[in-house]
Peer 1: 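Sharing a structure, written as structure tokens. Questions coming.
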Amino acid sequence: MSSVNRVQHININRFELKSADTDDPVSKRISWNPLAPGGSSFKSQTMTVLGDTIEIKESASSKLMLSFFWITGLVLCYVASQTDSEGWWITMFIGVVFTVVGLAATFLFFETLTFDKAQGVYFRGQYEPGMTSVNRQKQGQLADIYSLQILSEHLHSGISPFISYELNLVFENGERVNVMDHGDLSALEDSAMRLAELTHVPIWKAY
């Protein structure tokens, strides 16, 4: 592996850059706050490498969890439709909310993120030629990616604390684009290394 892809450790304090093993001025200029606050305690996204193309999608675990919401919602709607009790509308309302949230999260909230080396672009959902540099959150040029950033966020789910890890694209002007955000550090680091090999940029770690 070339030296440009080596992991560079950056120490931070309260999400502010304190010191770094790199003297790159961009690393001191970008934000080290979470770009996508929140996250999951499990591997909610997965990377697939297909030759010179990388795809980031929802993992099977994430799809299973989301399916629980809309299936539960449908069951509650059915139960509400079969009862004559005064509170049937409350059950129906909860069922509709669960169904809508579950289906929306499954089919709308996460679009496949593709990195296509042959075309030299990355994009969410469908690629739109001619729109590459208009909205980097949607799509952009691989050549514009300056580095990859990994940082952590301490979260609580009920009484159980956990850490979620973010993988972001970094651009020279300080702009960032989120790639992944989940709790499986080993898998996320592996994804970062594969993406670094494709884009030939360094990885900056802060956790």
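Note that the structure is predicted; figures quoted are calculated from it, not measured.
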Peer 1: Are Phe115 and Leu35 joined in one hydrophobic group, where the rule is that I, L, V, M, F, W and Y side chains link up if heavy atoms are under 4.5 Å apart?
Peer 2: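 Per the 4.5 Å side-chain linkage, Phe115 and Leu35 are not co-clustered.
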
Peer 1: Ignoring hydrogens, what is the shortest heavy-atom contact between Met92 and Cys77? Give both atom names and the distance.
Peer 2: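 Looking at all heavy atoms of both residues, the closest pair is CE-O, 3.5 Å.
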
Peer 1: Measuring from Glu172:CD to Arg29:CZ, what's the distance to the nearest 0.5 Å?
Peer 2: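 Rounded to the nearest 0.5 Å, the CD-CZ separation comes out at 6.5 Å.
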
Peer 1: Do the non-hydrogen side-chain atoms of Leu169 and Leu148 ever get within less than 4.5 Å of each other?
Peer 2: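 Of all side-chain heavy-atom pairs linking Leu148 with Leu169, at least one is under 4.5 Å.
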
Peer 1: When you compare the side chain of Leu198 with that of Arg194, does any pair of heavy atoms fall below 4.5 Å?
Peer 2: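 No, too far: nothing below the 4.5 Å cut-off.
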
Peer 1: Atom CE of Met180 and atom CG of Leu195: how far apart are they, to the nearest 0.5 Å?
Peer 2: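 Answer rounded to 0.5 Å: 9.0 Å.
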
Peer 1: Considering non-hydrogen atoms only, spot the tightest contact between Gly174 and Ile30 and give its length.
Peer 2: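 Smallest heavy-atom distance, with atoms named: CA-CG2, 3.7 Å.
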
Peer 1: For Gln126, is the CD atom crowded, meaning more than 12 foreign heavy atoms sit under 6.0 Å from it?
Peer 2: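 Atom CD in Gln126 is not packed in, count stays at 12 or less.
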
Peer 1: Answer whether the closest heavy-atom distance between the side chains of Gln141 and Val121 falls below 4.5 Å.
Peer 2: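 When only atoms from C-beta onward are counted, Val121 and Gln141 do touch, with a gap below 4.5 Å.
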
Peer 1: Do Val49 and Ile203 sit in one hydrophobic cluster, given that two such residues count as connected whenever their side-chain heavy atoms are within less than 4.5 Å of each other, even indirectly?
Peer 2: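 They do share one cluster, since a chain of ILVMFWY contacts under 4.5 Å joins Val49 to Ile203.
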
Peer 1: What's the separation between atom CD in Gln45 and atom CG in Asn178, rounded to the nearest 0.5 Å?
Peer 2: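 CG of Asn178 is found 7.0 Å from CD of Gln45.
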
Peer 1: Can you confirm whether Asp184 sits close enough to Leu188 that some side-chain heavy atom of one is under 4.5 Å from a side-chain heavy atom of the other?
Peer 2: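 No. Closest side-chain heavy atoms not under 4.5 Å.
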
Peer 1: Taking all heavy atoms of Glu189 and all of Lys205, pick out the closest pair and write down the distance.
Peer 2: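 Scanning both residues, the minimum pair turns out to be OE2-NZ, 2.8 Å.
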
Peer 1: Report yes if some heavy atom in the side chain of Arg176 is under 4.5 Å from a heavy atom in the side chain of Ser31; otherwise report no.
Peer 2: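 A side-chain contact exists here, since the closest heavy-atom pair is under 4.5 Å.
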
Peer 1: Hey, which of Lys138, Lys57, Arg124 is the one that makes salt bridge (charged side-chain N to carboxylate O under 4.0 Å, His left out) with Glu111?
Peer 2: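 So, applying the salt bridge (charged side-chain N to carboxylate O under 4.0 Å, His left out) to Glu111 and each of Lys138, Lys57, Arg124, only Lys138 qualifies.
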
Peer 1: Do Gln149 and Trp32 have side-chain heavy atoms sitting under 4.5 Å apart?
Peer 2: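 Answer yes - side chains close enough.
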
Peer 1: In sequence, state the C-alpha distance, the side-chain angles, and the governing distance for Ile145 and Tyr122, and then conclude on side chain to side chain contact (heavy atoms under 4.5 Å, CB included).
Peer 2: CA-CA 10 Å; Ile145 300 173; Tyr122 69 88; 4.3 Å; yes

Peer 1: Are Val26 and Val170 close enough that some pair of their side-chain heavy atoms sits under 4.5 Å apart?
Peer 2: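 Yes, side chains in contact.
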
Peer 1: Ile94 and Trp88: same hydrophobic cluster, using ILVMFWY side-chain contacts below 4.5 Å?
Peer 2: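 Yes.
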
Peer 1: Enter the distance from Asp181:CG to Leu151:CG here, rounded to the nearest 0.5 Å.
Peer 2: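 CG of Leu151 is found 8.5 Å from CG of Asp181.
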
Peer 1: Under a 4.5 Å side-chain heavy-atom rule over Ile, Leu, Val, Met, Phe, Trp and Tyr, are Tyr78 and Leu76 clustered together?
Peer 2: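 In one cluster with Tyr78: Leu76, no.
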
Peer 1: Verify the cluster assignment for Leu142 and Leu50: are they in a single hydrophobic cluster under the rule of side-chain heavy atoms below 4.5 Å apart?
Peer 2: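 Each belongs to a different hydrophobic cluster.
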
Peer 1: Do the non-hydrogen side-chain atoms of Val177 and Phe171 ever get within less than 4.5 Å of each other?
Peer 2: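 Val177 reaches Phe171 side chain to side chain.
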
Peer 1: Could you tell me the separation between the CD1 atom of Ile56 and the OG1 atom of Thr112, rounded to the nearest 0.5 Å?
Peer 2: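 With rounding to 0.5 Å, CD1 (Ile56) is 9.5 Å from OG1 (Thr112).
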
Peer 1: If you take all heavy atoms of Ala80 and Thr83, which pair is closest and at what distance?
Peer 2: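 What the structure gives for the nearest pair is O-CG2, 3.2 Å.
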
Peer 1: Taking all non-hydrogen atoms of both residues into account, name the closest pair between Pro202 and Tyr146 and its distance.
Peer 2: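 Nearest pair, atom of Pro202 first, then Tyr146: CD-O, 3.7 Å.
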
Peer 1: Working to the nearest 0.5 angstrom, can you tell me the gap between Asn33 CG and Glu153 CD?
Peer 2: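 Answer rounded to 0.5 Å: 9.5 Å.
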
